[in-house]
Structure formats: structure tokens, C-alpha cells
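Down below is the structure, laid out as C-alpha cells.
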Amino acid sequence: MEAGKPATKLKSEALQVLLERGLVHQCTDLEALDARLADGQVTAYAGFDATASSLHVGHLMPLMTMRWLQKLGHKPILLLGGGTSQVGDPSFRNEARPLLGDEQIAANITGIRHSVERLIDFRGEDGARIVNNAEWLTEFRFLEFLREFGSQFTVNRMMTFDSVKSRLEAQMPLTVLEFCYMMLQAVDFLELSRRHDCALQVGGSDQWGNIINGVELGRKGDGKQLFGLTVPLITTASGTKMGKTAAGAVWLHPEHLSPFGFWQFWRNTADADVPRFLRLFTELPMSEVLRLSSLEGAELNEAKKILATQVTAIVHGAEEARHAREQGDKLFAGEGDLAEPTHHMDLSHLADGLGLLQLLVHVGFAQTTSEAWRLVEAGGVRLNSQVIEDPRRKISVGDLKVDDQLSLAVGKRRKALLAFR
RNA sequence: GGAGGAGUGCCCGAGUGGCUAAAGGGGGCGGACUGUAAAUCCGCUGGCUAUGCCUACGUUGGUUCGAAUCCAACCUCCUCCA
């Protein structure tokens, strides 16, 4: 079932909305799922790797799907892969991922939860849940696991999935560890259906194979009908994967990326992406989405600001969003500076002169001092609105402006205001 | 089991003893232009407070004043034969 051409009239508001928003790519059984969603509350889950301490905008599609579902009376579960992160999903990858340790995974789970607390409502008895699949996956004994679940899978079938085939065809090694990943994800779905009556799994289109396995396991193992729904893989107009910038991923966690930085990311959307992004990542009524999408030329800038503010509000809250927009307006209206410090630093750092390169790395404008060096040489770095040409420039107390602040900018869009105390 | 071939930087892809931190393209970043867009043009694109040093061409050793380039072993993959 492909998105965009519903064969029949949908009964459930949930699916209507998801289709209208462009959040549906494939579904295991659209009509039956529609009936189930129309019938009453459905518990749905989306899984995330615990490989970083925050989710990023690349995760926003499944998260928005979960948010809509919650809004329309259903119950989301976010499954964090504390167990599966110890294995690593091989889907569509040509190499095994580095494996993570227990402490790291535990820390990441805490961060991830924090990064989505505004997006999904976890409060109260009936709120969304976060569960960690380590809860059950680490409990299994090997033989027990093989006997209960191994008997439900055939290698023949497992080899037919594109996610595996791509690796095999690329002639890259696929270890048994990775090969079993899809079993683990299938077991996750089954466990969630047993423990929480979860009936729907939402994931990226690269998860289709893993999801199908879960649906089939539910049917064979427990005789239950489970559903899978994938969101489209989204690329930007320039064809790159969404959500990567020079400074790295666009994180949802405010400590990894300030709400203003987040707002800026959306404000910088390419013209051609605006209509799609409004539909996918905001909750504006479709009539408004269409109106904004019809704007042309420089008028689109207004649509971009609305897009940025809406998405920021969903992730960081309305207050932060309004704030970010004010900063953005001020910053680019004239030769303005940021109104509020983006970073705070101890005054003692300046005692011996703080290296400009270090500072650039510290605020995240460069990943390495070499990169910072090049930025300076390219003439892209400004300190207090002055272009700096000497990479060896040290910053001292004498550079501070009012309120012991210092402005630092790279390029046209990356700006920081440092406050020293 | 036998015979050939391949493994290069974020990606693709040249390079067969010194001029190679490695052509060219893509992507990314910076500059100019603009609307904080796109297109175009110019520059940069391993690390290091740095006109030098260090680390890099599957892995480990070897030959050589000098190796991505030659030799050996190993790993992974491809093609043909059985």
C-alpha cells in the first residue's frame, strides 16, 4: 500500500491526518488498521537506538506520528534500544556499528527521554511510556530464546529482506550478531503486545523489514494481528539526508543545541522544502499550510519563520520559540547582535588569554582547531563584528564589551554571544 | 580446491618508487552576489596555536637514502575453472 492514494474512505481520524500530513509511506494492512484506530484507543510504539544522548531532527518523523496519535486519543510508547543497541541494526548499512557499553547506554536513555519530553506527553496514568528493551532482552537465556523464537523464523525468509540483501549484494560481511537483530526487534514488538497491548509499530522506511518480522511473529506466536506503519525517508531539496549541518546533527535536546540554534536550522530551510516541511513538521491546519506554501519569492521568508517557530514550539515549547524568533528577527534585521548570551563562561578562562580557535571549537562552530584555523584564514570569523585574520589571536579581558560579553560569528548565520563572569 | 583481479581521504574515483596530504567530481564549509533561499563565480576541505611537526592509501612485516606505488604473509571481496 503506497501513500497518497487511499483506495477507500478512511474511517479513523488518525489515519486521515497522517496521510494528509504525508507521514505514511507503507502500511501492513491499511484498512484493518483504519478499522482498529476508529474503534478505540490503540497503543503504538516507535523504537530508537540509544546510541546518542539525544534524538535529532532525523527522528522527528516517527515522533510527529506518535504525537498525532497521542493527540487523537491513542497511546504512544517510545521504545529505547538499551538491549538492541548492544547488537546494532545492520539494515541498509555496509558495516557493523561500533558497540556501546552499558553505562553509556543508560546515560543516553536519560538524555533521550529529556529531549522528547515536550513532544510527547508522558504525564499521568494514561500518558505515553518509555520502555527499554534491555528489560526483557537481557533476561533471555540463549537456548530458551532459540527454542521459543528461533523456531518461528526461517533463514530463507530472513534472507529475502532488502535490508539484508543490500549488505549481501555489496559483498560485505554480515555477522550472525547483526543478522539476529531483526529477530530481536520482532521479539520487542511481541513483548510490547503482551505487556502493553501494543498493536502498532511506527518506524522509518528502512525499518520495514524489521517491522514485518514483528508482525509475523505476533501472528505465528500469539495469533494476534499486529500492524506496521512506516514514515517516508526524507531528504532535503539538495538531496542530502535531513538534519546534518556543519556543526553535526540537529539535536532536539536543548543542551546539545540551543532553541535558537534549532530555530535557525528551520529558518534556513531551502525554498523548495518549505511546503513539505510545513506539512510534516508543524501542526498548522492544512488550509494554512497551503496558504503559506503558495507564497513566492522573498515572501517565503515569512513562511520559513512560521515554520521555524512552529517546530521549535513543538520541541522546546511556545515560550522558547517566541524567544528564538525575536532573536532571529533582531539579529538579521540590522547589524544586530544577539540579545541574550548563548554561552556562559568563567572569567578565569581569560586570565592567560583564551585561544580563538579553542573558543570556536568550544561553542561548536568547528569540530577541530584545524577546521577553526581554516575558517579564520577564509575570513569567515568575526569577533565583536570585526573580521579576525590571525588564527593565533588570543582573547583577553580587553576584548569584552558591555556586561562582559563578547560576540562571535562564523559566516552569516552562526552567531554566539558569550557572557563571562 | 585451482587460476586471475581488487581494497585509496566524508562519498565516487585517478594515481604503479621521490615533484603525493595524494588528480578529477560530488557533498560540505567560507567569500562575493541575494531574500538568512536557489543558481553562478572564487577559495578551503587529515590532525596539531602551525609557514613547521605528526598521522594517513585493507592489516602486519620487509626491500630502499626514499613506498599508496616493489616484496612476503594475513584479512575481506570479485571473476573464471572444479
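In what follows, chains are A, B, ... by sequence order, proteins preceding strands, each numbered from 1.
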Residue [X], side-chain heavy atoms: nucleotide from [options] that is nearest:
X	options	result
A:Arg374	B:U36, B:U45, B:G35	B:U45
A:Asp271	B:U36, B:U49, B:A37	B:A37
A:Lys412	B:C33, B:U36, B:U49	B:C33
A:Arg392	B:G35, B:U49, B:A37	B:U49
A:Leu300	B:C29, B:G35, B:U49	B:G35
A:Arg414	B:C29, B:U36, B:G35	B:C29
A:Arg267	B:U49, B:G35, B:U36	B:U36
A:Arg413	B:A37, B:A50, B:G30	B:A37

Determine the interplanar angle of the A:Trp263 and A:Phe260 rings, folded into 0 to 90°, and report it as parallel if under 30°, tilted if 30 to 60°, perpendicular if over 60°. parallel
Would you call the rings of A:Trp251 and A:His56 parallel, tilted or perpendicular, where under 30° means parallel and over 60° means perpendicular? perpendicular
Quick test of your reading of the model: are [X] and [Y] salt-bridged, counting only N-O distances below 4.0 Å?
X	Y	value
A:Arg325	A:Glu302	yes
A:Arg291	A:Glu288	yes
A:Asp271	A:Lys304	yes

Describe the nucleic acid contact of [X] in one word from base, sugar-phosphate, nothing, applying a heavy-atom distance below 4.0 Å.
X	value
A:Glu377	nothing
A:Thr368	sugar-phosphate
A:Glu299	nothing

Quick one: look up who [N] pairs with, Watson-Crick or G-U, both distances under 3.5 Å, and put none if it's unpaired.
N	value
B:U49	none
B:G43	B:C29
B:G1	B:C81
B:A67	none
B:A38	none
B:U76	B:A6
B:U16	none

side-chain hydrogen bond (donor to acceptor under 3.5 Å, both in side chains) between A:Glu117 and A:His114: does it pass, once the steps are laid out? CA-CA 5 Å; A:Glu117 254 166 358; A:His114 193 69; 3.3 Å; yes
Can you check the [X] [atom1] to [N] [atom2] distance for me, whole Å?
X	N	atom1	atom2	answer
A:Leu307	B:A37	CG	P	15 Å
A:Lys304	B:A37	NZ	P	7 Å
A:Glu302	B:U36	CD	P	13 Å
A:Ile388	B:U49	CD1	P	18 Å
A:Asp273	B:G35	CG	P	21 Å
A:Asn268	B:G28	CG	C1'	15 Å
A:Gln367	B:G47	CD	P	10 Å
A:Glu371	B:C44	CD	C1'	11 Å

Comparing A:Trp263 with A:Leu357, nearest RNA chain B nucleotide closer to 5' gives the residue A:Trp263
Which residue lies more 5' along RNA chain B, comparing A:Val410 with A:Trp373 via nearest heavy atoms: A:Val410
Quantified in whole Å, what is the [atom1] atom distance between nucleotide [N] and nucleotide [M]?
N	M	atom1	result
B:G58	B:C11	P	13 Å
B:G27	B:A39	P	9 Å
B:C12	B:A22	C1'	16 Å
B:C19	B:U34	P	44 Å
B:C57	B:G46	P	15 Å
B:G17	B:A68	P	13 Å
B:C74	B:C80	C1'	24 Å
B:C44	B:G26	C1'	16 Å

Could you tell me the separation between the CG atom of A:Leu417 and the NZ atom of A:Lys401, rounded to the nearest 0.5 Å? 12.5 Å
N/O (side chain, A:Thr369) to phosphate O (OP1/OP2, B:U49) under 4.0 Å: yes
Considering only heavy atoms from C-beta outward, does the side chain of A:Leu119 approach that of A:Leu252 to under 4.5 Å? yes
Anything under 3.5 Å between a donor and an acceptor, one on a side chain of residues 343-358 of chain A, the other on a protein residue two or more places apart or in another chain? List them.
unit_1, atom_1, unit_2, atom_2, d
A:Asp346, OD1, A:Ser348, N, 3.1
A:Asp346, OD1, A:Ser348, OG, 3.0

Sequence-distant partners of A:His74, ring pair (Phe, Tyr, Trp, His ring centres under 6.0 Å), two or more places apart: none
Tell me which residues in residues 345-356 of chain A put a heavy atom below 4.0 Å from RNA chain B, sorted by number, or none. A:Gly355, A:Leu356
